[in-house]
Number of protein chains: 2
Amino acid sequence: MNDTFLRACMGEKVRPVPVWIMRQAGRYLPDYQKVRGTTDFLTLCKTPELAAKVTIQPVDVLGVDAAILFSDILIPVEAIGTGLAFSEGRGPVLSPPVTTDAAIKRLHAIEPEKDVPFVLETIRILRKELKNKVPLIGFAGAPFTLATYMIEGGSSKNFVNTKKMMYETPAVFNRLMNLLTDVTASYLLAQIKAGAQAIQLFDTWAGILSGPDYEKCVLPYVQRIMDSIKQTGTPCIYFVLDGGHLFEKIKLARADVIGLDWRTEIEDALKRLGPVTVQGNLDPCALFLPEEGLKGRVDEILRQGGLARSHIFNLGHGVLPEVPYQKVKLLVDLVHKLSA
Amino acid sequence: MNDTFLRACMGEKVRPVPVWIMRQAGRYLPDYQKVRGTTDFLTLCKTPELAAKVTIQPVDVLGVDAAILFSDILIPVEAIGTGLAFSEGRGPVLSPPVTTDAAIKRLHAIEPEKDVPFVLETIRILRKELKNKVPLIGFAGAPFTLATYMIEGGSSKNFVNTKKMMYETPAVFNRLMNLLTDVTASYLLAQIKAGAQAIQLFDTWAGILSGPDYEKCVLPYVQRIMDSIKQTGTPCIYFVLDGGHLFEKIKLARADVIGLDWRTEIEDALKRLGPVTVQGNLDPCALFLPEEGLKGRVDEILRQGGLARSHIFNLGHGVLPEVPYQKVKLLVDLVHKLSA
């Protein structure tokens with residue numbers, strides 16, 4: 001088994017450095033497009049054979065060191081009672097938006113085997129089909145990030161409604177966060193039980209908050225989830241997009257691995273994070289660089305990653321649909337070759 | 001004359017702390033809405049009597065310590081040959097997008113008295129009508145931020161086309177940045193000549209870049225503009241949204257004042273910026289807090305601002321249309337009272 005990824009998660013310095021790509025099962029990949037041409041996004045998420053198929057594609061095509069479950073962070077949000085649809089170009093639409101106590105009361109706790117059986121079935125299929133070739137990462141959205149989608153009814157620019165709830169009715173906000181924390185913990189534990197060998201918790205929007213707001217309104221909930229997962233011995237990666245100003249707080253989340261976006265260089269991040277394991281952090285747009293330029297950047301990230309406790313190579317955010325997949329394959333090869 | 005703002009710009013610790021609000025002439029203000037009800041946004045920008053009128057409104061209604069020219073950062077972009085329209089909800093639309101050398105060659109240098117006479121006339125009217133009650137701030141978008149709008153054809157999520165140009169055709173990108181640097185410098189010098197007493201340079205989108213990219217593709221151009229302005233003795237504020245990871249580079253821009261968004265606390269920012277003058281940095285959404293909560297935040301920002309060379313109070317980004325204007329007035333009063 002290629003266990004470089006799992007060993008790196010546990011803090012072991014591994015050569016070559018393991019690499020996987022956020023959103024590696026995605027639109028930039030012709031094989032994925034073929035499957036997507038036959039079905040809509042949500043149906044793909046909910047059809048275990050197809051979800052497993054697109055999960056494995058990048059392992060075969062790119063040679064990455066981990067597979068990540070094909071799904072969406074909003075799947076459990078739909079499962080507890082919020083309407084979910086994806087519209088081309090507009091992103092997710094959640095209805096009705098959850099902005100009151102009454103709306104929260106209409107939601108329910110999650111029973112993963114009953115509410116999201118297709119996710120667990122996908123994981124079970126994947127563990128069989130991957131034959132331990134590479135480990136399988138499960139994932140979920142962190143409570144704050146899920147809450148923003150629910151409160152705003154979708155994506156947002158200024159997150160006005162989320163902050164309004166945080167500031168005007170903190171008890172209501174706290175109730176929603178508690179519910180989502182329980183949901184996320186149950187959901188992840190079920191993924192682990194079904195066979196997920198590592199977890200990534202995506203807190204995509206927590207970076208819109210200042211340090212004091214993050215510490216009060218996000219961190220305690222994330223810590224609770226981390227504590228649940230820790231009891232299983234499964235490593236967990238915590239990724240906050242645009243979280244550079246929060247590093248001192250993020251390290252208190254007790255994740256095994258801290259995911260970094262491309263904005264802060266690893267060397268600078270480590271000065272504030274201490275000797276942790278990091279994942280990242282090539283600018284997704286750097287895949288538009290000519291090969292020589294890309295090589296220079298990969299080299300530099302590997303050098304800086306060498307200063308961490310251990311390092312998992314990744315992009316600083318999801319791979320963009322506009323990128324030629326051959327360039328992504330080149331990236332994976334470069335990481336392996338340059339860190340051998 | 002109330003010169004607290006200008007003295008603070010020059011590095012003098014001033015009591016009470018001066019305060020103005022980014023986008024203080026805006027949609028949250030009923031008096032502004034009345035004027036906007038009679039005309040579209042671009043016409044308002046280009047009609048000196050009206051632009052002057054809405055510039056003065058917040059000075060009268062809120063009691064802020066500075067006026068800022070009512071205009072838009074894209075005005076000079078239109079003036080040099082790019083089509084500009086504002087569509088409700090979608091933001092600015094620039095056409096055609098500037099993505100090639102040929103497109104850059106179709107643009108021209110700026111002659112402010114000929115190309116944007118309405119801006120200079122607005123400033124001259126304002127200096128008369130303000131009667132030195134408070135100083136007048138002129139402004140411009142920084143070259144990189146303007147370039148993103150031109151290359152993307154408007155607002156953007158991932159700035160893919162901008163980064164593609166930066167990475168794939170750096171010579172073309174450099175040509176566009178040089179043009180925009182000359183345009184911005186000429187435009188600001190004309191504003192100063194017409195009567196602007198301080199300048200704010202908005203680099204709204206520079207925060208999408210990593211440190212090395214910022215240093216190579218943004219900083220040298222900003223420095224050139226700062227050097228031009230410095231020769232006039234007019235103080236300049238440099239504001240980068242979400243620029244916390246760039247502080248060590250931003251201070252090299254040699255601005256008199258560094259504008260901070262709400263993400264990084266002033267105390268933490270100063271550790272990396274050194275003993276500079278700062279402007280900021282209340283979360284615009286904190287205006288949804290009840291009075292007691294708002295007071296607590298203002299107090300804390302004033303305490304941290306006291307650690308800087310000097311401090312100008314502001315929000316960390318533009319005031320939101322959803323905020324009641326009475327809350328903004330309360331904020332201005334609180335700043336003055338708590339820092340007296």
Side-chain angles (χ1 to χ4, degrees), chain A residues 89 91 155 157-170 206-214 241-248 260-269 271-272 281-290 293-294 296-297 300-301 316-323, chain B residues 89 91 155 157-170 206-214 241-248 260-269 271-272 281-290 293-294 296-297 300-301 316-323:
Chain A
S155 303
K157 195 179 158 199
N158 293 315
F159 300 91
V160 171
N161 297 307
T162 305
K163 290 190 180 173
K164 269 180 117 159
M165 190 193 283
M166 279 173 56
Y167 296 153
E168 289 183 343
T169 55
I208 64 162
L209 299 177
S210 66
D213 279 349
Y214 175 88
L241 183 69
D242 200 5
H245 56 296
L246 301 172
F247 284 153
E248 286 81 2
L260 301 175
D261 83 3
W262 70 93
R263 289 178 181 84
T264 309
E265 290 186 281
I266 293 176
E267 190 162 8
D268 290 335
K271 285 180 197 150
R272 294 163 54 211
N281 70 343
L282 184 74
D283 187 332
C285 291
L287 289 165
F288 297 120
L289 279 164
L294 179 62
R297 295 211 172 202
E300 178 60 18
I301 289 173
H317 199 191
V319 57
L320 296 164
E322 295 88 346
V323 170
Chain B
S155 304
K157 196 179 157 200
N158 292 315
F159 300 91
V160 171
N161 297 308
T162 305
K163 290 189 181 174
K164 268 179 117 160
M165 191 193 284
M166 278 173 56
Y167 297 153
E168 289 183 343
T169 54
I208 63 163
L209 299 177
S210 67
D213 279 348
Y214 175 87
L241 182 69
D242 200 4
H245 57 295
L246 301 173
F247 285 153
E248 286 82 1
L260 301 175
D261 83 3
W262 71 92
R263 289 177 180 85
T264 308
E265 290 186 281
I266 293 176
E267 191 163 6
D268 290 335
K271 283 180 198 149
R272 294 164 54 212
N281 70 345
L282 184 74
D283 187 335
C285 290
L287 289 166
F288 296 120
L289 279 164
L294 179 62
R297 294 212 174 202
E300 178 59 17
I301 289 173
H317 201 191
V319 57
L320 295 164
E322 296 88 345
V323 170

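Naming convention: chains lettered A, B, ... in sequence-line order (proteins, then strands); numbering from 1 in each chain.
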task = Against chain A, work out which of B:Lys157, B:Glu265, B:Met166 has the most heavy-atom pairs shorter than 4.5 Å and name it.
result = B:Glu265
query = Roughly how far apart are A:Phe288 CZ and B:Glu168 CD, rounded to 0.5 Å?
reply = 7.0 Å
ask   = Where is the tightest heavy-atom contact between B:Tyr167 and A:Cys285, given as atom of each residue plus distance?
value = CD1-O, 3.2 Å
ask   = Looking only at heavy atoms, which two atoms of B:Trp262 and A:Ile208 are closest? And how far apart?
value = NE1-O, 2.7 Å
message = Let's go through A:Asp242 and B:Arg263 carefully: what are the C-alpha distance in whole Å and the side-chain angles of both, what is the deciding distance for side-chain contact (heavy atoms from CB on, under 4.5 Å) to 0.1 Å, and is it a yes or a no?
response = CA-CA 10 Å; A:Asp242 200 5; B:Arg263 289 177 180 85; 3.9 Å; yes
key: Residue, of A:Pro212, A:Pro290, A:Gly293, that accumulates the most heavy atom pairs under 4.5 Å with chain B   = A:Pro212
Option in A:Arg297, A:His317, A:Glu248 with maximal non-hydrogen atom pairs under 4.5 Å from chain B = A:Arg297
Which bit of [X] is near chain B, if near means a heavy-atom gap under 4.5 Å: side chain, backbone, both or neither?
X	value
A:Leu289	both
A:Asp268	neither
A:Asp213	side chain

remark   = Per side-chain contact (heavy atoms from CB on, under 4.5 Å), B:Lys163 is matched among A:Leu287, A:Asp283, A:Leu320 by A:Asp283
